[in-house]
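Since the structure comes first, as structure tokens, the remarks are kept for the end.
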Amino acid sequence: MIAKAMAPLVSGNSAVRAMFEEGKALAKKVGAENVYDFSLGNPNLYPPDEVKKAIIDVLETEDPHRVHGYMSNAGFESTREKIAENLNKRFGSSYGMNNIIMVVGAASGLNILLKTVLDIDDEVVVFAPYFVEYSNYVRNYYGKTVVVPPNPENGFLPERETFASRITDRTKAVIINTPNNPTGVIYPEETIKMIAEVLEEKEKEIGHPIYLISDEPYRELVYTDAKVPFVPAYYKNSLIAYSFSKSLSLPGERIGYVAIPDSADGAEEFIEAATINNRVLGSVNAPSLMQLAVERCLDAQVDVPYYKKNAEDLYKIVTGAGFTAVKPQGAFYLWVTSPVSDEKEFVQAGKEENIIMVPGSSFAGPGCVRLSFCVSNGMIHRSKDAFDRLGKKYFG
Ligand code: PLP
């Protein structure tokens, strides 16, 4: 018998996964090369060479006790020191080792931060469409997710009025994700400034801190000359949840960090509590071999130009077939407007052409679908005729 709270999780088990399973079933039927599966955000690129070299170097040069043993719940001092230095060098911040906690990917980082701030019925504001796991994470700590609806007219960017109206005296945190999953949008500086201004005003009004959690697994995946603003430079209560899952193509290795600046309200206590949460949530510490590996290749990146080409090619194919889509600035997703109001119907029509897409309602963005382009460029090109046929169904 499972807990009552699990029932909705079991019945609503991820639509992304469900579409991926459908893609696999279809591949068995019609052959993998004839299926155009854009469902999963699982990077297709190999990790950069530096990662393999770093892992070998760790194994050959470090004491096995250090490589494989327990350590401080916050992670290796050397790793945290190097990450702090790297951030300071790139963004002019002033993190020290103590401000960095190594975690088991952004998923774990977000859980640690939310558990640190949420009391029962506290609220966390998110901007739709959003990575739906946020709601599950908030629910883990008996909090409530408050969703700011999207405005397609302004390119799915947060807007002052609607955002401000969602903040109450129970708001403890706001989560932003830029470059964004699922829209591929990068919030410009004025949006980050607007969010910071609203939060500063609201903090004064309600008399307690509101932490701005910047979920940044796609920070380095940028395809235009758009700059990704460094959020903590604009708001003192900014917390970063970073992951190497996408920048180094290491999602299965479960490695990332959270950064809590000294400027954050109650920073010392916060850092201590967050470190304890690494332990009590059951991770204990981030994978040790991976900590030592990433500290050796903090400036390495996957082949970003490959994703850029995918972004451009898929956008061209999809819009060329008549559909409207947001031109991806970053991350690896194309956000396409469904030509019919029920996007699940559109997803179904896509499946008939062997195109696997994820309905936007899985991201609180009904009326749209998400296509992941962390796939082979060959598959994108092979999908062209299928998209053209799909387009003809709607646009003649
Ligand atoms: N946040 C967003 C927006 C994501 O898209 C993902 C994964 O796809 C995560 C967090 C979780 O990443 P990680 O693998 O680092 O836990």
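Order of listing sets the numbers, starting from 1, for every ligand and every atom in it.
Judged by distance alone, the side chains of Ser72 and Glu77 never bring a donor and an acceptor atom under 3.5 Å apart.
Ring orientation note: the planes of Trp335 and Phe363 are nearly perpendicular, at an angle over 60° on the 30°/60° scale.
Taking a heavy-atom cut-off of under 4.0 Å, ligand 1 is surrounded by Gly105, Ala106, Ala107, Phe131, Tyr134, Asn177, Asn181, Asp215, Pro217, Tyr218, Ser243, Ser245, Lys246, Arg254.
The environment of Lys384 atom NZ is sparse: at most 12 non-hydrogen atoms of other residues, nucleotides or ligands sit within 6.0 angstrom.
For an aromatic pair to be called close, the ring centres must be under 6.0 Å apart, and Phe323 with Phe395 satisfies this. The aromatic ring centres of Phe373 and Tyr307 sit 6.0 Å or more apart.
Within the structure, ring-ring contact (aromatic ring centres under 6.0 Å, His included) contacts touching residues 40-93 (residues at least two apart or in different chains) are Phe91-Phe230.
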